[in-house]
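Here the structure comes first, spelled out in structure tokens, and everything after it is commentary.
Just so you know, ligand 1 is whichever comes first in the structure, and atom 1 is the first atom listed for that ligand.
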Amino acid sequence: MAFNLYHFIKKITTKSSNIQIDYTKLPEHIAIIMDGNGRWAEKQGLPRTAGHKAGANTLKRITEFCNEIGVKILTVYAFSTENWRRPQEEVDALMRLLLEYLKDAERQLAGKNIAIKVIGDISVLSQEIQEQIIKTENLTKSNSGLLLNIAINYGGRAEVVNAVKQIATDVQNGKIQITDINEQLISNYMYTKGLKDPDLIIRPSGELRLSNFLLWQSAYSELWFSNIYWPSFTPKHLLKAISDYQQRNRRFGGI
Ligand code: FPP
């Protein structure tokens with residue numbers, strides 16, 4: 001562990017003495033439902049879009065922190081298949097933030113060895129955003145540190161529908177046989193193909209549901225909820241979630 005990181009973590013653990021982390025047993029894959037941006041903003045008399053901007057800053061901070069402590073994969077829910085129902089102004093603001101985030105990624109994350117990937121149906125996004133997604137993914141794909149998966153126009157059910165259609169097409173074309181279909185094969189038709197399922201799913205803001213996030217992949221994920229709104233979420237909250245996760249007894253259906 002780097003000298004600076006050691007002191008940074010030590011500082012956090014001493015400030016909140018009840019947080020104990022075993023850095024050799026970190027969750028490999030953490031997923032976050034970045035909820036509460038709107039309520040955070042409203043509470044302060046700000047427009048909801050200010051909450052999303054603050055949420056994007058939190059994302060940057062938490063991404064860097066996950067990379068520093070050695071988490072391998074971070075998957076965040078940025079825009080769901082249902083979020084199109086929001087007022088056009090809010091949808092536009094979220095899309096602008098996303099574009100800025102992707103454009104800035106190269107500069108902001110420079111030297112940080114973070115790879116960025118977008119999961120979801122991006123075919124309905126603007127041409128500009130689609131091109132930027134491909135550019136950012138290509139620019140960062142050989143980075144071997146943290147993989148940041150940003151879920152955009154993502155829905156767990158839509159992902160399953162998409163996988164079923166592709167599997168049916170491949171059966172029709174003779175690429176695979178019906179008897180080849182098993183859990184592993186289905187996982188390989190998901191957006192998260194090749195990635196470990198999330199060990200820990202975090203949802204701030206007080207809501208206690210998955211809201212169509214990683215439905216297939218969350219079968220044995222540990223869930224962690226908090227009342228804190230996403231813009232106020234700090235590395236300390238993340239460490240608390242990891243610490244609680246490390247107290248859990250994961251049995252995966254066994255005893
Ligand atoms: C849920 O909070 C959050 C979203 C729908 C958007 C999440 C987006 C960001 C954190 C920033 C943009 C992302 C990137 C990748 C730059 P909410 O609006 O539902 O909050 P509420 O439940 O309090 O209304």
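- Annotation for ligand 1: atoms under 4.0 Å from non-hydrogen atoms of Leu59 are 15 (C).
- Looking only at atom types and distance, the side chain of Asp170 has no donor-acceptor partner in the side chain of Gln166 under 3.5 Å away.
- Salt-bridge formation is not detected for the pair Arg96/Asp92: no Lys NZ or Arg NE/NH1/NH2 atom is positioned less than 4.0 Å from an Asp or Glu carboxylate oxygen.
- Every N/O-N/O distance between Ile150 and ligand 1 stays at or above 3.5 Å.
- With respect to atom 11 (C) of ligand 1, the closest heavy atom belonging to the protein is His52 O, 3.4 Å.
- Residue Glu42 places every heavy atom at 4.0 Å or more from ligand 1.
- Looking only at atom types and distance, the side chain of Asn113 has a donor-acceptor partner in the side chain of Ser144 under 3.5 Å away.
- For atom 24 (O) of ligand 1, the closest heavy atom belonging to the protein is Arg48 NH1, 2.9 Å.
- Salt-bridge formation is not detected for the pair Glu207/Arg203: no Lys NZ or Arg NE/NH1/NH2 atom is positioned less than 4.0 Å from an Asp or Glu carboxylate oxygen.
- For ligand 1, the atoms closer than 4.0 angstrom to any heavy atom of Leu94 are 6 (C), 8 (C).
- Heavy atoms from other residues, nucleotides or ligands lying under 6.0 Å from CG of Leu208 number more than 12.
- Scanning the protein heavy atoms around atom 3 (C) of ligand 1, the nearest turns out to be Met34 O, 3.1 Å.
- Within a 6.0 Å sphere centred on CD of Glu82, heavy atoms belonging to other residues, nucleotides or ligands number more than 12.
- Protein heavy atom in closest approach to atom 20 (O) of ligand 1: Gly38 N, 3.1 Å.
- A donor-acceptor pair under 3.5 Å is formed between the side chain of Asp199 and the backbone N or O of His29.
- Asn143 places no side-chain N or O within donor-acceptor distance of the main-chain N or O of Gly145, the cut-off being under 3.5 Å.
- With 3.5 Å as the limit, one finds no donor-acceptor pair spanning the side chains of Asn149 and Tyr191.
- When Gly36, Ala56, Ala78, Ala41 are checked for heavy-atom proximity to atom 7 (C) of ligand 1, Ala78 turns out nearest.
- An N or O contact shorter than 3.5 Å links Asn37 to ligand 1 by distance.
- Judged by distance alone, the side chains of Gln20 and Gln247 never bring a donor and an acceptor atom under 3.5 Å apart.
- Considering backbone and side-chain atoms alike, Tyr77 places every N or O at 3.5 Å or more from each N or O of ligand 1.
- Close contacts of ligand 1 with Tyr101, meaning ligand atoms under 4.0 Å from a residue heavy atom, involve 16 (C).
- Counting heavy atoms under 4.0 Å from ligand 1, residue Thr58 does not touch it at all.
- Comparing Arg39, Met95, Lys53, Glu100 against atom 22 (O) of ligand 1, the shortest heavy-atom distance belongs to Arg39.
- With a 4.0 Å cut-off on non-hydrogen atoms, Asn83 touches ligand 1 through its side chain and not its backbone.
- By the criterion of a heavy-atom distance under 4.0 Å, the side chain of Arg86, and not its backbone, is placed next to ligand 1.
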